[in-house]
K.L.:
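Before anything else, here's the structure in question.
Reminder, nothing fancy here: chain letters follow the sequence lines and each chain counts from 1.
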2 protein chains.
Amino acid sequence: MRQVKYSDDFLTLAARLCYIDHIPQQKVAQMLQVSQAKVSRLLSMARERGIVRIEVNAYEPRNYQLEESIKKKLGLKEVYVIKSIGCSNTGTEYFGSDIITQTLQPDFKVGIAGGRTIMQLAEGMLKSDLPQRLSFVQLMGNVGSIPQATDASEIGRKLAAATGSFMSLNTPVFVYDRELRDKLRRDPQIKQVVEYYHQMDVAFVGIGIPENSILSISNAVVKEDALRLREQGVVGEICGRFFDASGKECATDFKDRVLAVNLETLRKTPRSIAIVSDTDRSDAIKAAAAGGIINGLLINETAAKALITES
Amino acid sequence: MRQVKYSDDFLTLAARLCYIDHIPQQKVAQMLQVSQAKVSRLLSMARERGIVRIEVNAYEPRNYQLEESIKKKLGLKEVYVIKSIGCSNTGTEYFGSDIITQTLQPDFKVGIAGGRTIMQLAEGMLKSDLPQRLSFVQLMGNVGSIPQATDASEIGRKLAAATGSFMSLNTPVFVYDRELRDKLRRDPQIKQVVEYYHQMDVAFVGIGIPENSILSISNAVVKEDALRLREQGVVGEICGRFFDASGKECATDFKDRVLAVNLETLRKTPRSIAIVSDTDRSDAIKAAAAGGIINGLLINETAAKALITES
DNA sequence: AATATACATGAATAATTATTCATTTTGGAT
DNA sequence: ATCCAAAATGAATAATTATTCATGTATATT
């Protein structure tokens, strides 16, 4: 084992010249008779050893006040409102994912829906330190035959690769008719998944509206469908299940053809958390909360304000 | 006046992402929906506002222990030993200049010799915050007809340009014979300079040896001269004046031809400080101290160790 | 309102910093 | 001593950051 090569004194000198006197590394290199590359390395060592400390005031990503308002108004157990910065919500996923990740514990069984918002959440979670041995389970069938990054299966696979396992639901989200749906539900493999739903510690779902969701984007629900759904009293959608203003699943033509966790199961899951980033979901969120489909919400400030302001 | 455009919160966010999470500015720019240039500016603002603080352990450039040893051994009033770092002494001038500059006060009358070491000192001083209205005076004539950066006149001019004024000694350091020297000394302009010497608050001089000094480098003193000087008891040189081990000026053929402050004047100057960076000057330094030609010393650690170790 | 002025902005670019890679050095282990 | 593996090194290069510059925008002043 080689002894420590560089004295604190030497590192302190390099650090002082670069960080206090703002002398470029090239010149410091001349002064110290080493290469610029080494100065860069010395500085990195100095930071590691704590000779250089870069401190930044704490940034508070959450708007606690709004969180409390929403908790109260919608009767939710947990609400996270992520501050919107600039005109974008890009930072939202960054902090949102981190906050959500911190609420997970090793060996948790985690339900995962599909959609853009959940995908972004997952991407952020992968950058955080995920707990060990998480079990992910796919909450809804796949939206099309061509795998999409927004599919619950894709998202679950990636998460599981980082920590733990993944149980997939190998079906489309909507099948042709009720008969096929029922047959699939009797399949042992599918049954196993559905049983697993009852053991979830937490479920992460997106909230859609007839006109705008991953289903409409992929044309699983087209404009005419949306109109009809609205006529049938639909206010929102979770995992391909459409519900009315009271949070009850509506009797639509999709209801008998959907393969996904059912709303009653979500209602019984200890933590059922909706992840929302759009501002046009206020009514859907309220309905889901009213019906107890969700008891938690991760939302950005802009959407949260819309939620509080409207109605 | 425009109001403050960016909230602390926004700057804190940018700073946090860059400095804590180490996300490159380009990506932070996307997250915040601004250009990378702006992120760079935001960070600069954050540092300015104190939202980001970069702290470095204090670097101590001086070796106080050696300073005390040398003070005691040579009976000097002020000694500054600058730590040597790596194999070079480049950092020495950097810190040495700064320390010396801090001992100067506005309106000081400062004597300046020539030579490489003094030149480097001056270069460093120019980078420091010099006090107002310093008067510099040239302690020795010029070494050649072609202006050199190491000439006292060049050094003084530069310093004066930064703060205050400069009085030059418009003569060669060595003239042809005694008669010419004496005539020059009677010249009113020269006399004025010499009179000024008596008012100096501090003098900065280099210390040479016959074989190695700015005089030998410029061939004003050649190898044969050096040999002869050694035979005549010369141990060191300050401002073209050669002295023996007791610090008394030797009766050499240069003595009658030199145009420079005389050693007696230096002896009476409140602060007469030698700047030394080479290790082969130990005997010369001791002699100058013994004779009271200098009462102060700025030296690097390597040379200081040689000084303490030898004899 | 019209104009001037200072400030703000981002694209392009310059400057700086970090990393890669080929080579050398170092400190053991024979 | 001789060899080996690990670590260190700097030149070249890639990546990142800061600055310049041309243009746009807001504020103040006629």
K.L.:
Expressed in angstrom and rounded to an integer, what is the separation of B/Asp21 atom CG from D/dT16 atom C1'?
P.N.:
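Those two atoms, CG and C1', are 17 Å apart.
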K.L.:
Identify the residue among A/Val39, A/Leu42, A/Leu13, A/Ile23 that makes a side-chain contact (heavy atoms from CB on, under 4.5 Å) with A/Cys18.
P.N.:
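Among A/Val39, A/Leu42, A/Leu13, A/Ile23, the one meeting side-chain contact (heavy atoms from CB on, under 4.5 Å) with A/Cys18 is A/Val39.
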K.L.:
Can you tell me how far P of D/dT17 sits from OH of A/Tyr19, to the nearest Å?
P.N.:
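Taking atom P of D/dT17 as the reference, OH of A/Tyr19 is at 12 Å.
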K.L.:
Write down the distance between CD1 (B/Ile23) and P (D/dT16), rounded to a whole number of angstrom.
P.N.:
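Atom CD1 in B/Ile23 sits about 12 Å away from atom P in D/dT16.
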K.L.:
B/Leu43 has an atom CG; how far is it from atom C1' of D/dT19, in whole Å?
P.N.:
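To the nearest whole Å, that distance equals 15 Å.
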K.L.:
Between P on D/dA14 and CD on B/Gln26, what's the gap in Å once rounded to a whole number?
P.N.:
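After rounding, the gap between these two atoms is 18 Å.
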K.L.:
In this structure, how many angstroms lie between the P atom of D/dT17 and the CD1 atom of B/Ile54, rounded?
P.N.:
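That distance rounds to 12 Å.
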K.L.:
Before giving the answer on salt bridge (Lys or Arg N to Asp or Glu O under 4.0 Å), spell out for B/Arg53 and A/Glu55 the whole-Å C-alpha distance, their side-chain angles and the decisive distance to 0.1 Å.
P.N.:
CA-CA 5 Å; B/Arg53 297 168 299 283; A/Glu55 290 173 10; 3.4 Å; yes
K.L.:
Working note: B/Gln102 + B/Asp98, criterion side chain to side chain donor-acceptor pair (under 3.5 Å); need CA distance, chi angles, decisive distance, verdict.
P.N.:
CA-CA 6 Å; B/Gln102 281 169 26; B/Asp98 203 53; 3.2 Å; yes
K.L.:
Donor-acceptor pair, distance only, cut-off 3.5 Å: does the side chain of A/Gln36 make one with the backbone of A/Gln26?
P.N.:
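Between the backbone of A/Gln26 and the side chain of A/Gln36 there is no qualifying donor-acceptor contact (under 3.5 Å).
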K.L.:
Starting at atom CZ of B/Arg41, determine the distance to atom P of D/dT16, rounded to an integer number of angstrom.
P.N.:
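The answer, rounded to whole Å, is 20 Å.
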K.L.:
I want to check one thing: is the phosphate of C/dT16, taken as OP1 and OP2, less than 4.0 Å away from some side-chain N or O of A/Gln36?
P.N.:
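Checking C/dT16 against A/Gln36, no side-chain N or O comes under 4.0 Å of OP1 or OP2.
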K.L.:
Answer yes or no: does a side-chain N or O of A/Ser40 lie under 4.0 Å from OP1 or OP2 of C/dT17?
P.N.:
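No, outside the criterion.
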K.L.:
Name the closest nucleotide to the A/Pro24 side chain, picking from D/dT16, C/dT17, D/dT19.
P.N.:
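Nucleotide nearest to A/Pro24's side chain: C/dT17.
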K.L.:
Expressed in angstrom and rounded to an integer, what is the separation of B/Gln33 atom CD from C/dA8 atom P?
P.N.:
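Atom-to-atom, B/Gln33 to C/dA8, this comes out as 21 Å.
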K.L.:
Between A/Gln25 and C/dA18, is there a side-chain N or O to OP1/OP2 distance below 4.0 Å?
P.N.:
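Yes, because at least one side-chain N or O of A/Gln25 sits under 4.0 Å from OP1 or OP2 of C/dA18.
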